[in-house]
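Notes for the one structure printed next.
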Amino acid sequence: MAEENSRGKKTIPPYMKAISGSLGGIVEASCLQPIDVIKTRLQLDRAGAYKGIVHCGSTIVNNEGVRALWKGLTPFATHLTLKYALRMGSNAVFQTAFKDSETGKLSPQGRLMAGFGAGVLEALVIVTPFEVVKIRLQQQRGLSPELLRYKGPVHCARMIVREEGILGLWAGASPTVMRNGTNQAAMFTAKNAFDTILWKKHEGDGKVLHPWQSMISGFLAGTAGPMCTGPFDVVKTRLMAQSKSVGELKYRGMFHAIATIHAEEGLRALWKGLIPRLMRIPPGQAIMWAVADQITGFYERTYLTNAPL
(Lines give C-alpha, C1' and ligand atoms only; values in the text may rest on other atoms or scores of the structure.)
Protein backbone atom coordinates (compact mmCIF):
# COMPACT_ATOMS: atom_id res chain seq x y z
CA MET A 1 0.00 0.00 0.00
CA ALA A 2 1.30 3.47 0.85
CA GLU A 3 5.00 4.06 1.35
CA GLU A 4 6.49 5.95 4.27
CA ASN A 5 9.17 8.63 4.04
CA SER A 6 12.07 9.07 6.44
CA ARG A 7 9.83 10.81 9.01
CA GLY A 8 7.19 8.07 8.97
CA LYS A 9 4.65 10.04 6.93
CA LYS A 10 2.82 7.97 4.35
CA THR A 11 3.23 9.02 0.73
CA ILE A 12 1.73 7.96 -2.58
CA PRO A 13 3.83 5.04 -3.90
CA PRO A 14 5.55 5.35 -7.29
CA TYR A 15 3.46 2.57 -8.81
CA MET A 16 0.27 4.58 -8.22
CA LYS A 17 1.87 7.59 -9.91
CA ALA A 18 2.82 5.31 -12.82
CA ILE A 19 -0.74 3.96 -13.15
CA SER A 20 -2.24 7.44 -13.06
CA GLY A 21 0.14 8.64 -15.76
CA SER A 22 -0.48 5.69 -18.07
CA LEU A 23 -4.26 6.11 -17.96
CA GLY A 24 -3.91 9.82 -18.55
CA GLY A 25 -1.68 9.09 -21.55
CA ILE A 26 -4.31 6.90 -23.22
CA VAL A 27 -6.93 9.65 -23.01
CA GLU A 28 -4.48 12.31 -24.20
CA ALA A 29 -3.30 10.31 -27.24
CA SER A 30 -6.82 9.61 -28.44
CA CYS A 31 -7.80 13.28 -28.28
CA LEU A 32 -4.73 14.99 -29.70
CA GLN A 33 -3.19 12.71 -32.35
CA PRO A 34 -4.28 14.91 -35.32
CA ILE A 35 -2.35 17.89 -33.97
CA ASP A 36 0.76 15.74 -33.59
CA VAL A 37 0.48 14.56 -37.22
CA ILE A 38 0.19 18.18 -38.42
CA LYS A 39 3.16 19.21 -36.27
CA THR A 40 5.31 16.46 -37.75
CA ARG A 41 4.35 17.30 -41.33
CA LEU A 42 5.14 21.00 -40.77
CA GLN A 43 8.53 20.19 -39.25
CA LEU A 44 9.43 17.98 -42.21
CA ASP A 45 8.23 20.54 -44.79
CA ARG A 46 11.41 22.00 -46.32
CA ALA A 47 9.79 23.22 -49.54
CA GLY A 48 6.98 25.24 -47.95
CA ALA A 49 4.19 23.02 -49.30
CA TYR A 50 2.00 23.83 -46.29
CA LYS A 51 0.89 27.41 -45.66
CA GLY A 52 0.03 26.86 -42.03
CA ILE A 53 -1.74 24.61 -39.56
CA VAL A 54 -5.21 24.78 -41.14
CA HIS A 55 -3.85 24.39 -44.66
CA CYS A 56 -1.73 21.44 -43.60
CA GLY A 57 -4.67 19.71 -41.92
CA SER A 58 -7.05 20.32 -44.82
CA THR A 59 -4.44 19.14 -47.34
CA ILE A 60 -3.94 15.89 -45.44
CA VAL A 61 -7.70 15.30 -45.25
CA ASN A 62 -8.28 16.14 -48.95
CA ASN A 63 -5.38 14.04 -50.23
CA GLU A 64 -5.32 11.16 -47.78
CA GLY A 65 -8.65 11.11 -45.97
CA VAL A 66 -9.68 11.95 -42.41
CA ARG A 67 -8.12 8.78 -41.00
CA ALA A 68 -4.69 10.08 -42.05
CA LEU A 69 -4.89 12.55 -39.16
CA TRP A 70 -4.63 9.56 -36.86
CA LYS A 71 -1.62 8.03 -38.62
CA GLY A 72 0.79 6.55 -36.12
CA LEU A 73 -1.87 6.42 -33.37
CA THR A 74 -0.96 2.91 -32.25
CA PRO A 75 2.71 3.66 -31.54
CA PHE A 76 1.78 7.13 -30.28
CA ALA A 77 -0.79 5.86 -27.77
CA THR A 78 1.45 2.98 -26.69
CA HIS A 79 4.43 5.25 -26.30
CA LEU A 80 2.43 7.86 -24.35
CA THR A 81 1.03 5.23 -22.02
CA LEU A 82 4.45 3.73 -21.30
CA LYS A 83 6.14 7.12 -21.25
CA TYR A 84 3.81 8.60 -18.66
CA ALA A 85 3.99 5.47 -16.54
CA LEU A 86 7.78 5.67 -16.54
CA ARG A 87 7.84 9.46 -16.17
CA MET A 88 5.46 9.66 -13.22
CA GLY A 89 6.85 6.58 -11.49
CA SER A 90 10.54 7.47 -11.92
CA ASN A 91 9.93 11.09 -10.95
CA ALA A 92 8.37 9.87 -7.69
CA VAL A 93 11.42 7.66 -7.07
CA PHE A 94 13.85 10.48 -7.87
CA GLN A 95 11.92 12.91 -5.68
CA THR A 96 12.18 10.48 -2.76
CA ALA A 97 15.94 10.19 -3.35
CA PHE A 98 16.39 13.98 -3.46
CA LYS A 99 14.32 14.74 -0.34
CA ASP A 100 16.15 16.00 2.71
CA SER A 101 16.83 12.99 4.94
CA GLU A 102 16.05 14.95 8.12
CA THR A 103 13.07 17.10 7.19
CA GLY A 104 11.63 14.94 4.40
CA LYS A 105 11.13 18.08 2.29
CA LEU A 106 11.99 18.40 -1.40
CA SER A 107 13.87 21.54 -2.41
CA PRO A 108 13.15 23.37 -5.71
CA GLN A 109 16.55 22.18 -6.97
CA GLY A 110 15.69 18.61 -6.02
CA ARG A 111 12.36 18.86 -7.84
CA LEU A 112 14.13 20.13 -10.98
CA MET A 113 16.71 17.34 -10.83
CA ALA A 114 14.04 14.70 -10.30
CA GLY A 115 12.09 15.98 -13.31
CA PHE A 116 15.20 16.12 -15.49
CA GLY A 117 16.17 12.59 -14.49
CA ALA A 118 12.68 11.31 -15.30
CA GLY A 119 12.82 13.05 -18.70
CA VAL A 120 16.21 11.57 -19.58
CA LEU A 121 15.09 8.08 -18.57
CA GLU A 122 11.87 8.22 -20.59
CA ALA A 123 13.73 9.62 -23.60
CA LEU A 124 16.21 6.76 -23.72
CA VAL A 125 13.96 3.86 -22.73
CA ILE A 126 10.69 4.70 -24.48
CA VAL A 127 10.36 8.00 -26.33
CA THR A 128 13.12 7.75 -28.94
CA PRO A 129 12.33 4.34 -30.50
CA PHE A 130 8.56 4.92 -30.47
CA GLU A 131 8.89 8.39 -31.99
CA VAL A 132 11.22 7.12 -34.72
CA VAL A 133 8.51 4.66 -35.79
CA LYS A 134 5.73 7.24 -35.40
CA ILE A 135 7.54 9.87 -37.47
CA ARG A 136 8.45 7.41 -40.23
CA LEU A 137 4.75 6.49 -40.47
CA GLN A 138 3.53 10.08 -40.31
CA GLN A 139 5.83 11.34 -43.08
CA GLN A 140 4.38 8.85 -45.57
CA ARG A 141 1.93 10.41 -48.00
CA GLY A 142 -0.70 8.74 -50.12
CA LEU A 143 -3.86 6.68 -49.93
CA SER A 144 -2.73 3.37 -51.43
CA PRO A 145 -1.36 1.02 -48.74
CA GLU A 146 0.57 -0.97 -51.34
CA LEU A 147 2.54 2.14 -52.29
CA LEU A 148 3.55 2.97 -48.72
CA ARG A 149 7.03 1.95 -47.63
CA TYR A 150 5.94 1.05 -44.10
CA LYS A 151 2.76 -1.01 -43.67
CA GLY A 152 2.37 -0.44 -39.94
CA PRO A 153 4.30 0.16 -36.71
CA VAL A 154 5.64 -3.38 -36.34
CA HIS A 155 6.62 -3.60 -40.01
CA CYS A 156 8.24 -0.17 -39.76
CA ALA A 157 10.30 -1.16 -36.71
CA ARG A 158 11.41 -4.38 -38.36
CA MET A 159 12.51 -2.60 -41.54
CA ILE A 160 14.47 0.00 -39.57
CA VAL A 161 16.30 -2.69 -37.62
CA ARG A 162 16.97 -4.76 -40.76
CA GLU A 163 18.19 -1.85 -42.89
CA GLU A 164 19.79 0.46 -40.31
CA GLY A 165 20.56 -1.77 -37.35
CA ILE A 166 19.03 -1.69 -33.87
CA LEU A 167 20.51 1.76 -33.25
CA GLY A 168 18.36 3.07 -36.08
CA LEU A 169 15.49 3.06 -33.58
CA TRP A 170 17.48 5.51 -31.46
CA ALA A 171 18.11 8.07 -34.20
CA GLY A 172 17.88 11.54 -32.69
CA ALA A 173 18.46 10.31 -29.14
CA SER A 174 20.64 13.29 -28.11
CA PRO A 175 18.13 16.07 -28.86
CA THR A 176 15.35 13.89 -27.46
CA VAL A 177 17.23 13.55 -24.16
CA MET A 178 17.80 17.31 -24.02
CA ARG A 179 14.19 18.07 -24.94
CA ASN A 180 12.56 15.64 -22.53
CA GLY A 181 14.93 16.29 -19.65
CA THR A 182 14.38 20.05 -19.85
CA ASN A 183 10.65 19.67 -20.44
CA GLN A 184 10.05 17.45 -17.42
CA ALA A 185 12.25 19.50 -15.11
CA ALA A 186 10.15 22.55 -15.98
CA MET A 187 6.81 20.74 -16.07
CA PHE A 188 6.93 19.00 -12.67
CA THR A 189 8.26 22.14 -11.01
CA ALA A 190 5.66 24.38 -12.65
CA LYS A 191 2.75 21.98 -11.97
CA ASN A 192 3.61 21.87 -8.27
CA ALA A 193 3.96 25.65 -8.17
CA PHE A 194 0.62 26.29 -9.90
CA ASP A 195 -1.18 23.77 -7.68
CA THR A 196 0.16 25.58 -4.63
CA ILE A 197 -0.37 29.13 -5.87
CA LEU A 198 -3.79 28.67 -7.48
CA TRP A 199 -5.43 26.00 -5.38
CA LYS A 200 -3.41 25.81 -2.13
CA LYS A 201 -2.83 22.13 -2.87
CA HIS A 202 0.18 20.40 -1.26
CA GLU A 203 1.04 16.76 -1.84
CA GLY A 204 -0.05 14.68 1.11
CA ASP A 205 -2.70 17.10 2.37
CA GLY A 206 -5.58 14.90 1.16
CA LYS A 207 -7.09 17.62 -0.99
CA VAL A 208 -8.33 16.29 -4.35
CA LEU A 209 -8.35 18.90 -7.08
CA HIS A 210 -11.37 19.15 -9.33
CA PRO A 211 -10.60 18.06 -12.91
CA TRP A 212 -10.89 21.64 -14.19
CA GLN A 213 -8.34 22.79 -11.59
CA SER A 214 -5.91 20.08 -12.65
CA MET A 215 -6.45 21.02 -16.29
CA ILE A 216 -5.60 24.67 -15.65
CA SER A 217 -2.44 23.80 -13.70
CA GLY A 218 -1.42 21.20 -16.27
CA PHE A 219 -2.05 23.53 -19.20
CA LEU A 220 0.02 26.33 -17.68
CA ALA A 221 2.82 23.93 -16.72
CA GLY A 222 2.91 22.57 -20.27
CA THR A 223 3.52 25.91 -21.98
CA ALA A 224 7.11 26.69 -20.98
CA GLY A 225 8.81 23.56 -22.32
CA PRO A 226 7.94 23.93 -26.03
CA MET A 227 9.17 27.53 -26.09
CA CYS A 228 12.55 26.53 -24.66
CA THR A 229 13.03 23.23 -26.46
CA GLY A 230 11.73 24.03 -29.96
CA PRO A 231 15.13 23.58 -31.68
CA PHE A 232 15.68 20.21 -29.98
CA ASP A 233 12.25 19.03 -31.16
CA VAL A 234 12.80 20.11 -34.78
CA VAL A 235 16.25 18.51 -34.88
CA LYS A 236 14.90 15.35 -33.25
CA THR A 237 12.20 15.08 -35.91
CA ARG A 238 14.63 15.64 -38.80
CA LEU A 239 17.12 13.08 -37.47
CA MET A 240 14.42 10.48 -36.85
CA ALA A 241 12.85 10.95 -40.29
CA GLN A 242 15.99 10.32 -42.33
CA SER A 243 16.78 6.74 -43.30
CA LYS A 244 20.21 5.30 -44.02
CA SER A 245 18.66 2.99 -46.60
CA VAL A 246 17.85 5.81 -49.05
CA GLY A 247 21.36 7.20 -49.39
CA GLU A 248 23.69 9.59 -47.61
CA LEU A 249 22.29 11.20 -44.48
CA LYS A 250 21.72 14.94 -44.67
CA TYR A 251 22.26 15.49 -40.94
CA ARG A 252 25.18 13.84 -39.15
CA GLY A 253 24.09 14.64 -35.62
CA MET A 254 22.38 17.14 -33.34
CA PHE A 255 24.84 20.03 -33.66
CA HIS A 256 25.34 19.50 -37.40
CA ALA A 257 21.56 19.50 -37.87
CA ILE A 258 21.14 22.74 -35.91
CA ALA A 259 23.88 24.44 -37.94
CA THR A 260 22.55 23.14 -41.27
CA ILE A 261 18.95 24.14 -40.60
CA HIS A 262 20.06 27.59 -39.44
CA ALA A 263 22.24 28.09 -42.52
CA GLU A 264 19.75 26.81 -45.08
CA GLU A 265 16.40 27.85 -43.65
CA GLY A 266 17.10 30.59 -41.13
CA LEU A 267 16.83 30.84 -37.34
CA ARG A 268 13.04 30.71 -37.29
CA ALA A 269 13.11 27.26 -38.89
CA LEU A 270 14.43 25.88 -35.59
CA TRP A 271 11.02 26.66 -34.11
CA LYS A 272 8.99 25.16 -36.95
CA GLY A 273 5.91 23.43 -35.64
CA LEU A 274 5.93 25.52 -32.44
CA ILE A 275 2.28 26.57 -32.74
CA PRO A 276 0.97 23.02 -33.19
CA ARG A 277 3.27 21.95 -30.33
CA LEU A 278 1.64 24.62 -28.16
CA MET A 279 -1.73 23.41 -29.44
CA ARG A 280 -0.87 19.83 -28.45
CA ILE A 281 1.42 19.79 -25.41
CA PRO A 282 -0.38 22.16 -22.98
CA PRO A 283 -3.83 20.66 -23.76
CA GLY A 284 -2.24 17.21 -23.54
CA GLN A 285 -0.83 18.01 -20.12
CA ALA A 286 -4.22 19.39 -19.09
CA ILE A 287 -5.93 16.14 -20.09
CA MET A 288 -3.26 13.90 -18.58
CA TRP A 289 -3.18 15.73 -15.22
CA ALA A 290 -6.98 15.86 -15.02
CA VAL A 291 -6.98 12.05 -15.14
CA ALA A 292 -3.82 11.48 -13.09
CA ASP A 293 -4.77 13.85 -10.26
CA GLN A 294 -8.15 12.18 -9.85
CA ILE A 295 -6.50 8.77 -9.50
CA THR A 296 -3.74 9.85 -7.12
CA GLY A 297 -6.15 12.13 -5.28
CA PHE A 298 -8.58 9.28 -4.69
CA TYR A 299 -5.73 7.07 -3.46
CA GLU A 300 -4.40 9.84 -1.22
CA ARG A 301 -7.79 10.54 0.33
CA THR A 302 -8.72 6.87 0.71
CA TYR A 303 -5.50 5.45 2.12
CA LEU A 304 -3.45 8.39 3.44
CA THR A 305 -5.86 10.91 4.94
CA ASN A 306 -9.47 11.43 5.82
CA ALA A 307 -9.57 14.93 4.41
CA PRO A 308 -12.75 16.03 2.63
CA LEU A 309 -12.89 16.66 -1.11
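A tilted orientation is assigned to the rings of Y303 and Y299, their planes being inclined by 30° to 60°.
For R252, the CZ atom sits in a loose shell: 12 or fewer heavy atoms of surrounding residues, nucleotides or ligands are nearer than 6.0 Å.
Looking at E265 and K272, a side-chain N of the basic residue comes within less than 4.0 Å of a carboxylate O on the acidic one, giving a salt bridge. Remark: D195 engages K191 in a salt bridge, criterion side-chain N to carboxylate O under 4.0 Å.
Side-chain atoms of N91 do not come within 3.5 Å of backbone N or O of A118 as any donor-acceptor pair. A donor-acceptor distance shorter than 3.5 angstrom exists from the side chain of K201 to the backbone of K207, with no hydrogens or angles considered. Although no hydrogens or angles enter the test, the distance criterion places no donor-acceptor pair under 3.5 Å between the side chain of T128 and the main chain of L124. Judged by distance alone, with hydrogens and angles left aside, the side-chain atoms of R41 form a donor-acceptor pair with the main-chain N or O of Q138 at under 3.5 Å. With Q139 contributing its side chain and T40 its backbone, the two residues share no donor-acceptor pair below 3.5 Å. Of the possible donor and acceptor atoms, one in the side chain of S58 sits under 3.5 Å from a partner among the backbone N and O of H55.
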I'd like to know whether W199 forms a ring pair (Phe, Tyr, Trp, His ring centres under 6.0 Å) with W212, so could you lay out the CA-CA distance, the side-chain angles of the two residues, the decisive distance to 0.1 Å, and finally the verdict.
CA-CA 11 Å; W199 323 119; W212 65 268; 5.3 Å; yes
Verdict with reasoning, R149 to E163, per salt bridge (Lys or Arg N to Asp or Glu O under 4.0 Å):
CA-CA 13 Å; R149 176 175 175 78; E163 296 177 353; 2.4 Å; yes
What verdict does the salt bridge (Lys or Arg N to Asp or Glu O under 4.0 Å) test give for E122 and K83, after you've listed the backbone C-alpha separation in whole Å, the side-chain angles of each residue and the deciding distance to 0.1 Å?
CA-CA 6 Å; E122 73 177 18; K83 178 179 73 174; 5.2 Å; no
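Side-chain atoms of Q43 and D233 include a donor-acceptor pair closer than 3.5 Å.
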For residues 129-136, please give each side-chain donor-acceptor pair under 3.5 Å, one per line with the distance, not counting sequence neighbours.
from: E131; atom 1: OE1; to: K236; atom 2: NZ; distance (Å): 2.5
from: E131; atom 1: OE2; to: R179; atom 2: NH2; distance (Å): 3.4
from: K134; atom 1: NZ; to: D36; atom 2: OD2; distance (Å): 2.7
from: R136; atom 1: NE; to: M240; atom 2: O; distance (Å): 2.7
from: R136; atom 1: NE; to: A241; atom 2: O; distance (Å): 3.4
from: R136; atom 1: NH1; to: Y150; atom 2: OH; distance (Å): 3.1
from: R136; atom 1: NH1; to: E164; atom 2: OE2; distance (Å): 3.0
from: R136; atom 1: NH2; to: E164; atom 2: OE1; distance (Å): 3.3
from: R136; atom 1: NH2; to: E164; atom 2: OE2; distance (Å): 3.4
from: R136; atom 1: NH2; to: M240; atom 2: O; distance (Å): 3.4
from: R136; atom 1: NH2; to: Q242; atom 2: O; distance (Å): 2.8

